[in-house]
Visitor: 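Questions regarding the structure given below will be posed in turn.
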Amino acid sequence: MELPKLFITFLIIQALFISQIQVQAANSNLFREYIGAEFKNVKFPDVPINSNVQFHFLLSFAIDYTTSVSSIKNAHSNVKVALSLGGDSVRNNPAYFSPSSIDSWVSNAVTSLTSIIKQYHLDGIDIDYEHFKGDPDTFAECIGRLITTLKRNKVISFASIAPFDDDQVQKHYLALWKKYGQQIDYVNFQFYAYDKATTVSQFLNYFKTQSSNYNGGKVLVSFSTDTSGGLKPANGFFDACRTLKNQQQLHGIFVWSADNSKAKGFPYEKQAQQLLAGRN
């Protein structure tokens, strides 16, 4: 069993981590889903994968996917897998970004992540820190240098960030974007952190605001399948997506998370991928 080894390695990682760009407006068929955060034993094959989309699994925390990453990628040529760093908490303990120094953090992070990414055949990383013991400039330098180095060394092919509308969170991620935005491929903005009563028009305004904040970036829209807020599929999420698609601004959709979707059979994941694949 490789689980104990991977579990320990991920916990070590969690403890360790504990110029504007111009992009033409264009739709994308990118679908991304977080998996493993709730420890509900969801597996890659449980999740429906439409062959006509780009599909990214985002691995959340310590989960046993050591042997199945290569398997799911071999079975589906459109699948890539990334490791998500940070998050709100790990087993009810806040996941802090807390570096002792920029140089040591970057050095240790590059070494540890390079080993894990190569060993488990991963493709990218997702930055999802939500709690900070370092100032915005330190966060920007640490994460920016990490992404830049991993890309330069051809360890990863893409990187994303996952901010939401909170003053402290935005200060840190916007500092990162301002200096290293050209290295960040996707902005997984957590639109489900907004109020549960969010309407379609409000959602579209939120998207406009965050697209301005992360100017030039590929801001993905999102919904959750748990009890958190935002615009739910039952309340018009896909109507908002169609509006953005008609405006050539639908850069992709991501979902939080497969763990919560499994019990109901992933109906909204299927619908999202059908929309992205060209069938509304």
Visitor: Stepwise, does the side-chain contact (heavy atoms from CB on, under 4.5 Å) test hold for Val79 with Ile49?
Guide: CA-CA 8 Å; Val79 167; Ile49 298 172; 3.7 Å; yes
Visitor: Contact between Phe158 and Lys80 at the side-chain level, heavy atoms closer than 4.5 Å - yes or no?
Guide: yes
Visitor: For a quick test of reading the model, state the closest non-hydrogen atom pair linking Asp259 to Glu38 and the distance between them.
Guide: OD2-N, 3.1 Å
Visitor: Ala193 and Phe164: which non-hydrogen atoms are nearest, and at how many Å?
Guide: CB-CB, 3.9 Å
Visitor: Are a donor atom and an acceptor atom from the side chains of Thr225 and Asn260 found within less than 3.5 Å of each other?
Guide: no
Visitor: Examine the side chains of Ser160 and Lys218 and answer whether a donor and an acceptor come within less than 3.5 Å of each other.
Guide: no
Visitor: Go through the steps for Gln190 and Ser228 under the test side-chain contact (heavy atoms from CB on, under 4.5 Å), then give the verdict.
Guide: CA-CA 11 Å; Gln190 298 181 44; Ser228 57; over 6 Å; no
Visitor: Is a side-chain donor or acceptor of Asn215 paired with a backbone partner of Ser212 at a separation under 3.5 angstrom?
Guide: no
Visitor: Hey, could you give me the CG/CH2 distance between Asp226 and Trp256, rounded to the nearest 0.5 Å?
Guide: 8.0 Å
Visitor: Do Val81 and His56 have side chains that get closer than 4.5 Å, going by heavy atoms?
Guide: no
Visitor: Is a donor from one side chain sitting under 3.5 angstrom from an acceptor on the other, for Gln202 and Asn205?
Guide: no
Visitor: Ignoring hydrogens and angles, state whether a donor on the side chain of Ser115 or Ser112 is under 3.5 Å from an acceptor on the partner side chain.
Guide: no
Visitor: Test Leu231 against Tyr206 for side-chain contact (heavy atoms from CB on, under 4.5 Å), laying out the working first.
Guide: CA-CA 11 Å; Leu231 181 61; Tyr206 295 151; over 6 Å; no
Visitor: Kindly assign one of parallel, tilted or perpendicular to the pair Phe191 and Phe203, based on the angle between their ring planes and the thresholds 30° and 60°.
Guide: tilted
Visitor: Evaluate whether atom CG of Asp195 has more than 12 neighbouring non-hydrogen atoms of other residues, nucleotides or ligands under 6.0 angstrom away.
Guide: yes
Visitor: Quick one: are Gln170 and Pro163 in side-chain contact, heavy atoms under 4.5 Å?
Guide: yes
Visitor: Specify the closest pair of heavy atoms between Gly36 and Val42, including all atoms of both residues, with the distance to one decimal.
Guide: N-CG1, 4.2 Å
Visitor: So, Asn78 and Gln54: side-chain donor and acceptor under 3.5 Å apart, yes or no?
Guide: no
Visitor: Any heavy-atom pair between the side chains of Phe266 and Val47 that's under 4.5 Å?
Guide: yes
Visitor: Apply the ring-ring contact (aromatic ring centres under 6.0 Å, His included) test between Phe57 and each candidate in Phe254, Tyr120, Phe44, Tyr34; give the one that qualifies.
Guide: Phe44
Visitor: Between Tyr192 and Phe223, is the ring centroid distance below 6.0 Å?
Guide: no
Visitor: Does the salt bridge (Lys or Arg N to Asp or Glu O under 4.0 Å) test come out yes or no for Arg145 and Asp103, once each step is laid out?
Guide: CA-CA 9 Å; Arg145 290 189 196 178; Asp103 289 342; 2.9 Å; yes
Visitor: Has Gln273 got a side-chain atom pairing as donor or acceptor with Pro48's backbone, closer than 3.5 angstrom?
Guide: yes
Visitor: For Ile147 and Ala159, work out which heavy atoms get closest and say how close.
Guide: CG2-CB, 3.7 Å
Visitor: Applying the salt bridge (charged side-chain N to carboxylate O under 4.0 Å, His left out) criterion to Asp123, which one of Arg32, Lys151, Lys154, Lys73 satisfies it?
Guide: Lys73
Visitor: Does the ring centre of Phe207 sit less than 6.0 Å away from the ring centre of Phe189?
Guide: no
Visitor: Could you tell me whether the side chain of His172 and the main chain of Glu130 form a donor-acceptor pair under 3.5 Å?
Guide: no
Visitor: On a heavy-atom basis, which atom in Ala95 and which in Gly86 lie closest, and how many Å separate them?
Guide: CB-O, 3.5 Å
Visitor: Going from CG on Leu275 to CG on Asn27, what distance comes out if it is rounded to the nearest 0.5 angstrom?
Guide: 9.5 Å
Visitor: So, taking the atom named OG in Ser257 and the one named NZ in Lys40, what distance separates them when rounded to the nearest 0.5 Å?
Guide: 7.0 Å
Visitor: Can you measure from CG (Asn188) to CD1 (Ile127) and round to the nearest 0.5 angstrom?
Guide: 11.0 Å
Visitor: To the nearest 0.5 Å, what is the distance between OG on Ser71 and NE2 on His76?
Guide: 8.5 Å
Visitor: Without hydrogens or angle criteria, can the side chains of Glu269 and Asn50 be said to hold a donor-acceptor pair below 3.5 Å?
Guide: no
Visitor: Using ring-ring contact (aromatic ring centres under 6.0 Å, His included), reason through Phe139 and Trp105 one step at a time and then give a plain yes or no.
Guide: CA-CA 10 Å; Phe139 178 74; Trp105 190 95; 8.4 Å; no
Visitor: Do Ile35 and Leu58 touch side chain to side chain, with heavy atoms closer than 4.5 Å?
Guide: no
Visitor: With side-chain contact (heavy atoms from CB on, under 4.5 Å) as the criterion, how do Leu276 and Leu30 come out once you've worked through the C-alpha distance, each side chain's angles and the decisive distance to 0.1 Å?
Guide: CA-CA 7 Å; Leu276 290 168; Leu30 176 62; 6.0 Å; no
Visitor: Looking only at heavy atoms, what is the nearest atom pair of Val221 and Cys241, with distance?
Guide: CG2-SG, 3.9 Å
Visitor: Would you please test Asp239 and Arg242 for salt bridge (Lys or Arg N to Asp or Glu O under 4.0 Å) and show each step?
Guide: CA-CA 5 Å; Asp239 292 332; Arg242 292 185 187 98; 3.2 Å; yes
Visitor: When rounded to the nearest 0.5 angstrom, what distance separates CD1 in Ile143 from CG in Leu85?
Guide: 7.0 Å
Visitor: Would you check if the distance from the ring center of Tyr186 to the ring center of His251 is below 6.0 Å?
Guide: no
Visitor: State, with a plain yes or no, whether a side-chain heavy atom of Phe238 is found less than 4.5 Å away from one of Val200.
Guide: no
Visitor: Find out whether Ile117 and Ile125 are in side-chain contact, i.e. whether some heavy atom of one side chain is under 4.5 Å from a heavy atom of the other.
Guide: yes
Visitor: Does some side-chain heavy atom of Tyr173 sit less than 4.5 Å from a side-chain heavy atom of Pro136?
Guide: no
Visitor: For Thr138 and Asp135, which I'm curious about, is there any donor-acceptor pair between the side chains at under 3.5 Å?
Guide: yes
